[in-house]
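Worksheet: the structure to be examined is printed underneath.
What you see is a predicted model, and the numbers here were worked out from it, not measured in a lab.
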Amino acid sequence: MHILSTYIAGIILGATTVAAMADKLPKGATPLPSDEVRAIYSGKTGVYSVSDVYYDPNGTTKGVFGKPKAKSTFQGTWAVKGNEHCMYNKSKGDPKTYTDCNAFWRAGNKIYSLWTVHYDGSKPDKVNEYWTGALKQHKKGDLVSKKYAAMGGE
């Protein structure tokens, strides 16, 4: 299995855990404006169960897969359209681009997200897989570049 496929499988496993804590989107929830979605990611590092990804304000990504020991690097781009954020990443040595997207809504004082596009083409459960923990995964600043460079990321 290619290292990015392993990374994605790790995200799937993490998403399974999240799905167990997930819920339905509340009635009356409204799509988050694109500027607010952009603010969730821009200039921040997504700290995930098996990887860390830095979302540069210029629209590029760089990441390190593997915890606790880093195993590989990947890079790509990210963009926001409406209430949806998408990233398009390639692992070093793999010509395939992996796409993952998440959309965001507000209901009261909570922000809900849904993993809307899965890298492997599997379909999201648009009824029962909304969750409120996505904002906690993003930390201010670039927490990736040093490790990325040390691993030969370009």
Once rounded to the nearest 0.5 Å, what's the spacing between atom NE2 of His85 and atom CD1 of Ile40? 9.0 Å
Between Lys67 and Asp52, is the closest basic N to carboxylate O distance under 4.0 Å? yes
If you compare all heavy atoms of Tyr112 against all heavy atoms of Leu25, which two are closest, and at what distance to 0.1 Å? CB-CD1, 3.7 Å
Between the main-chain N or O of Leu143 and the side-chain N or O of Thr45, is there a donor-acceptor pair closer than 3.5 Å? yes
Verify same cluster id: Tyr48, Phe104 (apolar side-chain graph, 4.5 Å): yes
According to a 4.5 Å side-chain heavy-atom criterion applied to Ile, Leu, Val, Met, Phe, Trp and Tyr, with indirect links allowed, do Met87 and Val50 form part of one hydrophobic cluster? yes
For Tyr55 and Tyr41, I'd like to know if the aromatic rings sit close, meaning centre-to-centre distance below 6.0 Å. yes
Point-to-point distance, once rounded to the nearest 0.5 Å, from NZ of Lys140 to OG of Ser42: 12.0 Å
Does Val117 belong to the same Ile/Leu/Val/Met/Phe/Trp/Tyr cluster as Val80, with side-chain heavy atoms less than 4.5 Å apart forming each link? no
Residue pair Lys92 / Ser72, side-chain donor-acceptor N/O under 3.5 Å: no
Side-chain donor or acceptor of Asp125 paired with backbone N/O of Asn128 under 3.5 Å: yes
From the options Asp100, Thr61, Thr97, select the one residue that forms a side-chain contact (heavy atoms from CB on, under 4.5 Å) with Tyr88. Thr97
